[in-house]
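Sharing a structure with you now.
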2 protein chains.
Amino acid sequence: MNGISMIQLAKELGLSVSTVSKALGDSHEISASTKKRVLELAKKYKYKPNPFASNLRKKKGKQIAVIIPDIVNNFFALAVDGIESVTMSKHYDTFIYLTHENLEREKAVLEHLESGLISGLIISVCTGREGYAHFQEFYETTRLPIVFFDRVPDLLQFPKVIANNYESSFDATARLIKAGSKRPALITTTEPMFTSMERRRGYQDALEKHGIVFTDEMIIHCTDDMALNYSILRKIFSQKKRPDGIFASIEKYAITSYEVCKDLKLSIPKDVKVIGMTNLRTAALLNPSLSTLSQPAFDMGKEAAGLLIKMIEKKSYAAANDIIVLPNELTIRDSI
Amino acid sequence: MNGISMIQLAKELGLSVSTVSKALGDSHEISASTKKRVLELAKKYKYKPNPFASNLRKKKGKQIAVIIPDIVNNFFALAVDGIESVTMSKHYDTFIYLTHENLEREKAVLEHLESGLISGLIISVCTGREGYAHFQEFYETTRLPIVFFDRVPDLLQFPKVIANNYESSFDATARLIKAGSKRPALITTTEPMFTSMERRRGYQDALEKHGIVFTDEMIIHCTDDMALNYSILRKIFSQKKRPDGIFASIEKYAITSYEVCKDLKLSIPKDVKVIGMTNLRTAALLNPSLSTLSQPAFDMGKEAAGLLIKMIEKKSYAAANDIIVLPNELTIRDSI
DNA sequence: CTTTTTTCCTATAACGTTTTCGTAAAAGCA
DNA sequence: TGCTTTTACGAAAACGTTATAGGAAAAAAG
């Protein structure tokens, strides 16, 4: 706000404002010598174009928004890291909004962004049963490009970046079985989400493939409440006919599983074999070291941002049906 | 961009644009009945003021920036969470920029932000020896409020939010000594930073207080390179006269310490007692569970954002000398 | 030596707000 | 009644850009 404006530059150069604007924009209408004069003075005064004026006039800017449920979570932190690496290099500015799994907040952010503050949106939706009408509505009113990642609404026709949840869940479950688990349980969320459904499909198909009869109680539904999860798991693992394997499809469920096993004096991996879906850096340092199915979080962020910027700049809304699938990585450690 | 504008509202209401603007701003110049009419139509059409036009005219907006070295780090993730909780509630938008400890990137971001895109800045500086002239310069040219947190430049006169690093490091070191460590080492960064210095002072004073003679080799300097850190630590802990305690003043150094001890078959806490400065959620699940000195990350973020917004809105630049100090929390577990 | 084209620049009108100033009507006052 | 003050609105000028249209001079073409 304190910097020099184009008008002052023009005045000092004895040129018109439009000439200066075009010179800075490297327009072919301006002679090389004039361009040089303009650039030099601009540099001298550290001229920076006012983004508000520019955005107002051009009706778009180089700002995008990222909406995620949580940042205190290695997966999302890595994803943001990936996104930022791209936006930074492409000279975009990145807004961040956290929903904390609160659908109202998600809707509020979306509505706020209908003001036109941004030129594109990357989002991983929060859990909730209410459908996804607000995304559709956001798109209808703004016509802005949107890229979903990881937690994607299955029904909507938007570009998405996801992991191969079905295949990798299948593989992880198969490893549990091969390691000797006769009744591996799946710990998943109560919320119906595409991501969870895919993981569940992979899990169930692996059971079937290996001749294990699936029963409903093999799926353990956990919540967002860590204390509640603890008591749910403790109850189940106190039973005689408890599971002898765990595929924790969400990071925090793996941690709670460890806590429960520790408290119930169940040995991992002897009594219970565990694979957790997580990007925890300390997985190898846990007791015992945790076998993980980790998501390509950073790359998912990178891909999402790359796709979004392509959509913004090339107007290639043809990308609207793009689905980028990246592989999860299974790392076997001492917990199975 | 697709939404309705004030002009269209005015037209439909048969009012002037200025009247509509004032009505929406709840100005006393406008009659209650007119206000009502305007508000109702605005609501009907979901009118959202164009932020670019508004910011341009008012020469300021409700956007702030957060610059941090890293987001894949529980401390900074929690801090961002705290910041966002405040900006969200005050209806501010939050830009995020990651420097990855790269001073050039930090400078580039700062220069970029001199365009006037934001109305305030929260920053935790990256390591580096080159001084902090760029902050001073940013302030000189923009006159924008800045709040530093955690990693603060000691010399500059800006408001800061920090933890009681001296006192808590003193306490942590004292606990190591009381637990039986005769030669506790401090693992710290090679970069000279106010934060590190404070921790070091606390460490050294605790040694002195307990009659332990300090020698230079008790301070282990680690870097940003995990592999290099591993070899540094491995070398030191392979010596006969190795330290029997570790105060890891940075999260990742604690993790590497664990790895080295594991590989060298040094028992924690029998051979080496460890306290790590970290906000890791899995600290309790490590083998053995890690005693931690954790920072009030979320609250630091909250305080920083609260202070910044106060400065933006009240123009109380008197806050320029505010230093908010929050307490670290020492949690003793099995590693000492 | 015209005529046409190209080169390089300017004037001006947006973009959607907010703010300052002006003013008619209504209200208050004597 | 005539005067001042208040109320409630509008006109117009900003804010700093970019885009469109145009035009004079220079260069190229005929």
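So you know, we letter chains A, B, ... as the sequences are listed, proteins then strands, and number each from 1. Remember, it's a predicted structure, so these values are computed and weren't measured experimentally.
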(message) Could you tell me how far apart B/His28 (NE2) and C/dT19 (C1') are, to the nearest whole angstrom?
(response) 13 Å
(message) Using a distance-only criterion (donor-acceptor N/O pair, under 3.5 Å, no hydrogens), is the base of D/dA11 paired with the side chain of B/Ser16?
(response) no
(message) Check A/Glu29 with A/Lys35, please: is the shortest side-chain N to carboxylate O separation under 4.0 Å?
(response) no
(message) On the side chain of B/Lys22, is there an atom forming a donor-acceptor pair with the base of D/dG10 - under 3.5 Å, no angle test?
(response) yes
(message) I want to check one thing: is the phosphate of D/dA8, taken as OP1 and OP2, less than 4.0 Å away from some side-chain N or O of B/Thr34?
(response) no
(request) Between D/dA19, C/dG16, C/dT10, spot the one nearest the side chain of B/Ile7, thanks. (result) C/dG16
(message) Less than 4.0 angstrom from a charged side-chain N to a carboxylate O is my criterion; do A/Arg143 and A/Glu137 meet it?
(response) no
(request) With the side chain of B/Ser21 defined as its heavy atoms from C-beta on, choose the nearest nucleotide among C/dT18, D/dC9, D/dG16. (result) C/dT18
(request) State whether A/Ser31 places a side-chain N or O below 4.0 Å from either non-bridging phosphate oxygen (OP1 or OP2) of C/dC9. (result) yes
(message) Expressed as a whole number of angstroms, how long is the span from A/Leu15:CG to C/dT7:C1'?
(response) 15 Å
(request) Could you check how far NZ of B/Lys48 sits from P of C/dC15, rounded to whole Å? (result) 20 Å
(message) Taking only side-chain N and O atoms of A/Ser5, does any of them lie within less than 4.0 angstrom of OP1 or OP2 on D/dG16?
(response) no
(request) Among B/Tyr139, B/Phe158, B/Tyr132, find the one that has a ring-ring contact (aromatic ring centres under 6.0 Å, His included) with B/Phe148. (result) B/Phe158
(request) With heavy atoms under 4.0 Å as the rule, sort B/Gly14 into base, sugar-phosphate or nothing. (result) sugar-phosphate
(message) Expressed as a whole number of angstroms, how long is the span from B/Leu9:CG to C/dG16:C1'?
(response) 12 Å
(message) Please pick, from C/dT10, C/dG16, D/dG16, the nucleotide with the shortest atom-to-atom distance to any side-chain atom of B/Ala53.
(response) C/dG16
(message) Expressed as a whole number of angstroms, how long is the span from A/Leu13:CG to C/dC9:C1'?
(response) 13 Å
(request) Answer yes when B/Glu84 and B/Lys90 have at least one side-chain N-carboxylate O distance shorter than 4.0 Å, and no when they do not. (result) no
(request) Identify whether the distance between the nearest side-chain nitrogen and carboxylate oxygen of B/Asp322 and B/Lys160 falls below 4.0 Å. (result) no
(request) Check if the side chain of B/Arg57 and the base of C/dT18 share a donor-acceptor pair of N or O atoms closer than 3.5 Å. (result) yes
(request) Assess whether one donor atom and one acceptor atom, taken from the side chain of A/Glu29 and the base of C/dC9, lie less than 3.5 Å apart. (result) yes
(request) State plainly whether the residues B/Arg151 and B/Glu191 are in salt-bridge range, i.e. N to O under 4.0 Å. (result) no
(message) Counting only side-chain nitrogens and oxygens, does A/Lys59 get under 4.0 Å of the OP1 or OP2 atom of C/dG16?
(response) yes
(message) Using whole Å, what does the distance between atom P of nucleotide D/dA8 and atom NZ of B/Lys36 come to?
(response) 16 Å
(message) Measure NZ/B/Lys58 against C1'/D/dG16 and give the value in whole Å, please.
(response) 17 Å
(message) Heavy atoms from C-beta onward define the side chain here; which of D/dG10, C/dT17, C/dG16 lies closest to that of B/Leu56?
(response) C/dG16
(message) Output the rounded distance in Å from CZ (A/Arg37) to C1' (C/dC8).
(response) 13 Å
